[in-house]
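One structure is given here, and the rest of the page talks about it.
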Amino acid sequence: MAGLLYPAYQKFYSALKNLQRFDKENNFFDNVSSLDSFFSEYRSITLVLQKSLAHTPYIERYKVLAKEKFSDSWMNDQRVKTVHIHPVEFLKQIEVSVYLPFGKLFCLQRTFTVDDDIPLSSYQEELTKYFCELSEDEVFFSAKFSFIEKESGKDIWNKLSKGLSLMNDLMETLYQEIDENCSLCDN
């Protein structure tokens with residue numbers, strides 16, 4: 001049987017599915033769409049919680065917990081932007097580092113916007129040429145992908161992780177305090 005918090009857990013799951021669609025190798029437009037959908041669904045979680053708890057003794061506790069545990073306004077600001085103003089604007093940064101016996105050697109760094117994004121595979125030839133010029137038997141390298149909010153320079157993944165953690169903490173605390181047995185929520 002579904003409990004009071006089931007609709008909020010369903011929205012949380014839906015928001016997470018949108019993040020799963022966000023992938024560094026996808027088309028930039030697909031990534032923007034995934035983030036826009038995520039922010040919309042994410043904000044819906046609190047709206048559903050408010051509606052589910054509105055006529056119960058738990059609404060006041062929700063209000064207190066929401067203020068204590070859910071103080072990051074960045075997520076809501078993103079939702080307002082994506083729903084009412086414009087799509088998410090971010091930069092995709094790629095840094096490839098080469099490691100040789102004498103230490104780390106910087107190799108390649110690129111920043112892309114929605115206007116100039118190109119597939120990562122287009123760098124394969126450039127990297128292969130660079131690796132061959134090193135005249136090493138083995139070349140070890142790493143690739144780091146970052147997604148940065150264009151307006152503020154903030155790392156989107158760090159902000160998303162913090163927001164998801166806050167929301168999860170809020171929902172888990174409510175779930176424990178309401179003390180209902182909801183197998184769908186547990187799943």
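One is the number of the first residue; the rest follow in order along the sequence. Treat the numbers as computed from the prediction; the structure is a model and nothing was measured.
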A side-chain contact here means heavy atoms from C-beta on lying under 4.5 Å apart; do [X] and [Y] qualify?
X: Leu4; Y: Tyr175; result: no
X: Ile94; Y: Phe112; result: yes
X: Arg21; Y: Ser33; result: yes
X: Leu65; Y: Glu68; result: yes
X: Ile148; Y: Asp155; result: yes
X: Leu19; Y: Leu35; result: yes

Heavy-atom neighbours of [X] [atom1] exceed 12 at 6.0 Å:
X: His84; atom1: NE2; result: yes
X: Glu89; atom1: CD; result: yes
X: Glu133; atom1: CD; result: yes
X: Tyr13; atom1: OH; result: no

Quick one: pull up [atom1] in [X] and [atom2] in [Y] and give me the separation to the nearest 0.5 Å.
X: Leu91; Y: Arg110; atom1: CG; atom2: CZ; answer: 15.0 Å
X: Glu138; Y: Tyr99; atom1: CD; atom2: OH; answer: 16.0 Å
X: Leu47; Y: Glu41; atom1: CG; atom2: CD; answer: 11.0 Å
X: Leu174; Y: Asp179; atom1: CG; atom2: CG; answer: 12.5 Å
X: Tyr58; Y: Leu49; atom1: OH; atom2: CG; answer: 14.0 Å
X: Asn168; Y: Phe12; atom1: CG; atom2: CZ; answer: 4.5 Å

For the hydrophobic clusters of this structure (ILVMFWY residues joined by side-chain heavy atoms under 4.5 Å, transitively), does one cluster hold both [X] and [Y]?
X: Phe145; Y: Val98; value: yes
X: Tyr42; Y: Val48; value: no
X: Ile156; Y: Leu16; value: yes
X: Trp74; Y: Leu164; value: yes
X: Leu127; Y: Leu134; value: yes

Notebook entry, point to check: Can the ring centres of Phe90 and Trp157 be said to be less than 6.0 Å apart?
Noted result: no

Next item on the list: Could you point out which residue of Lys159, Arg43, Glu149 forms a side-chain hydrogen bond (donor to acceptor under 3.5 Å, both in side chains) with Gln78?
Entry: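 Exactly one option meets the side-chain hydrogen bond (donor to acceptor under 3.5 Å, both in side chains) with Gln78, and it is Glu149.
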
Has the side chain of [X] got a donor or acceptor atom that lies under 3.5 Å from a matching backbone atom of [Y]?
X: Ser165; Y: Ser161; answer: no
X: Asp36; Y: Val88; answer: yes
X: Ser34; Y: Asp30; answer: yes

Provide the closest heavy-atom pair for [X] versus [Y] in the form atom of the first, atom of the second, distance.
X: Ala66; Y: Leu170; result: N-CD1, 3.9 Å
X: Ser37; Y: Asn18; result: CB-OD1, 3.3 Å
X: Ile59; Y: Ala54; result: CG2-O, 3.9 Å

Note to self: Once you measure the plane-to-plane angle for Phe131 and Phe141, does it fall in the parallel (<30°), tilted (30-60°) or perpendicular (>60°) bin?
What the structure shows: tilted

Margin query: Under 4.0 Å between a side-chain nitrogen and a carboxylate oxygen: does that hold for Glu151 and Lys81?
Written below: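 Yes.
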
Notebook entry, point to check: Given Met171 and Ile45, is the side chain to side chain contact (heavy atoms under 4.5 Å, CB included) satisfied, shown in steps?
Noted result: CA-CA 9 Å; Met171 291 176 57; Ile45 298 167; 3.7 Å; yes

